[in-house]
Amino acid sequence: MVQTNNINKQKLLILSGATAVGKSSLAIQIAKQINGEIISADSMQVYRHLNIGTGKVTQEEMSGVEHYLIDIVNPDFNYSVANFVSDAEAAINLISAKGKIPIITGGTGLYINALLNGFNLSRTPGSETIREKLNDRILNEGSQKLHEELKNIDPESAEKISVNDAKRIVRALEIYYLTGQTKSEVSQKNPESNYDYLFFVLDDERAALYERINNRVDKMMQQGLEAEVRSLYQYKNCNSMQAIGYKEMVKHIDSEISLEKAVDQIKQGSRNYAKRQITYLKWMQAEKEWVTCNDISKVMPKINIFLG
RNA sequence: GGACGGGUUCCCGAGUGGCCAAAGGGAGCAGACUGUAAAUCUGCCAGCUCCGCUUUCGGUGGUUCGAAUCCACCCCCGUCCA
């Protein structure tokens, strides 16, 4: 472990992993033992009313442990990494002011990465209007055309972004047209993290994980996922509704697919998502401890050593 | 019993004499990733001693220089007529 210059840094516990591995409940258990509070790093649990499908912990399950960044915006809000980083920093300060330990838990790797590695998002703002225009151009001119454009402006980024990756092409161009600087110039990360953290990744055998996911989706259906999505139907075009479990259910409500098919797609989508989460976690630069989720006994000793 | 339609690589599904190890999609695996990230995108995907070879397209036999594609019989499946 690299523990240089960590003496004065804020201590953080990170707990991540694929969907349905059991992060939330483990986090609560840990919080109780070390007098900690939980900050959710989940791009969908920030939305109010998206409860069943996002696998939010209930008030009861929280059993008194304070949770942050859950239910903080309405479903029509477009939450982003930038919001997360500032919200999470604020929560960290709040928790630490109470003399407690912040535990970051969630499956949105990008969010955790941005927080830990000090992405400087303030230098790369966003602009809905510019983005919209760019998106229109992609539709009309094709992504290849805009990729060419990016190549002239920021060859370094163009090199890394696929010609087909419309989203990233748009974003890179957006940064340039908004700030006059290229994405590659502006998006440097801090050389060193602001935090002293202990990072656990919960994992399991792939087959077991996939099975757990399938079961969890069945459970969500029993809990009334369909009704929940119906009650949120008005938001069907919002970002929040692109969450797995919601977009498929909307298709069913719109009579595009049968209920059975929707459920299958939710399971399939969740499995694919889990795969991507794991890939991101593997890729992400940070010291990590991979823990098999049914063998978490060795987690506490390490935490105790870490906290001193 | 009769009339058609069909059985293709893990699944769906193109292919109807050579350009076919066989389109396309899905799944799976691996990867990328700095303001939509539960999103978006990329690669691999019969096997091998891998610029060539070997085994695949329900089964068996045949026609042909050559078949997943044509013929015969057989085995399943679906629809229809009795």
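Chain identifiers are assigned alphabetically (A, B, ...) following the order of the sequence lines, protein sequences preceding nucleic acid strands; residue numbering begins at 1 within each chain. Worth saying up front: this structure is predicted, and the values here are computed from it rather than measured.
Inter-residue side-chain proximity for A:R168 and A:S157 is flagged as unmet; no heavy-atom pair is nearer than 4.5 Å. Under the 4.5 Å side-chain criterion, counting only non-hydrogen atoms from C-beta, A:N120 is in contact with A:R123.
In this entry B:U56 has no Watson-Crick or G-U wobble partner, no candidate having both defining distances under 3.5 Å. Using Watson-Crick or G-U wobble geometry with both donor-acceptor distances under 3.5 Å, B:U49 finds no partner in any strand shown. Across all strands shown, B:C4 pairs with B:G78; the Watson-Crick or G-U wobble distances both stay below 3.5 Å. Both distances falling under 3.5 Å, in either a Watson-Crick or a G-U wobble arrangement, place B:C65 opposite B:G18. Under the Watson-Crick or G-U wobble criterion, with both distances below 3.5 Å, B:A30 is paired with B:U42.
No contact: A:Y246 has no heavy atom under 4.0 Å from any strand. Looking at heavy-atom distances under 4.0 Å, A:F84 makes no contact with the nucleic acid at all. Among the protein residues, A:Y210 comes within range of the sugar-phosphate backbone only, with heavy atoms under 4.0 Å from sugar or phosphate atoms but none that close to a base. A:T279 comes within contact range of at least one nucleobase, with a heavy-atom separation under 4.0 Å. Contacts of A:R171 with the nucleic acid, taken as non-hydrogen atoms under 4.0 Å apart, include base atoms. Note on A:Q277: nothing from the nucleic acid sits closer than 4.0 angstrom, heavy atoms only. Within 4.0 Å of A:G109, counting heavy atoms only, lies no atom of the nucleic acid at all. Across all strands shown, A:T54 has heavy atoms under 4.0 Å from base atoms, whether or not it also approaches the sugar-phosphate. Within the nucleic acid shown, A:N272 comes within 4.0 Å of sugar-phosphate atoms alone, with no base atom in reach, counting heavy atoms only. A:N164 comes within contact range of the sugar-phosphate backbone alone, with a heavy-atom separation under 4.0 Å but no base atom that close. Residue A:S162 is classed as a sugar-phosphate contact, given heavy-atom separations below 4.0 Å to backbone atoms only.
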- prompt: Do A:D254 and A:Y233 pass the side chain to side chain donor-acceptor pair (under 3.5 Å) test, and can you show the C-alpha distance, the side-chain angles, and the key distance before you say yes or no?
  reply: CA-CA 10 Å; A:D254 285 338; A:Y233 186 76; 2.3 Å; yes

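If you take CD1 of A:I278 and P of B:G28, they are 12 Å apart, rounded to a whole angstrom. Rounded to an integer number of Å, the gap from NE2 of A:H147 to C1' of B:U42 is 12 Å. Between the CD1 atom of A:I244 and the P atom of B:U36 there is a distance of 17 Å, rounded to whole Å.
Under 4.0 angstrom from either OP1 or OP2 of B:A37 there lies no side-chain N or O belonging to A:R168. Residue A:K275 places no side-chain N or O under 4.0 Å from the OP1 or OP2 atom of B:G28. Taking 4.0 angstrom as the limit, A:R271 places none of its side-chain polar atoms (N or O) nearer than this to OP1 or OP2 of B:A27. Checking the phosphate oxygens (OP1, OP2) of B:G35, no side-chain nitrogen or oxygen of A:Y79 falls inside 4.0 Å.
For A:K160 against B:A32, a side-chain-to-base donor-acceptor contact under 3.5 Å is absent.
The only member of A:L50, A:N239, A:V46 that meets side chain to side chain contact (heavy atoms under 4.5 Å, CB included) when paired with A:P75 is A:L50.
Across B:G15 and B:C20, the matching C1' atoms stand 9 Å from one another, rounded to whole Å. Comparing the C1' positions of B:G18 and B:U63 gives an interatomic distance of 16 Å, to the nearest angstrom. Straight-line distance between the C1' atoms of B:A32 and B:A37: roughly 13 Å, to the nearest whole Å.
Checking B:U34, B:A32, B:U36 against every side-chain atom of A:L121, the shortest atom distance belongs to B:U34.
The pair A:K9-A:E192 counts as a salt bridge, with a side-chain nitrogen and a carboxylate oxygen less than 4.0 angstrom apart. For the pair A:K151 and A:E159, the salt-bridge criterion is not met [side-chain N within less than 4.0 Å of a carboxylate O].
Comparing A:R276 and A:K282 by the nucleotide of RNA chain B whose heavy atom lies nearest to each, the residue mapping closer to the 5' end is A:K282.
Note: A:F199 and A:Y197 have perpendicular aromatic rings, judged against thresholds of 30 and 60 degrees for the angle between ring planes.
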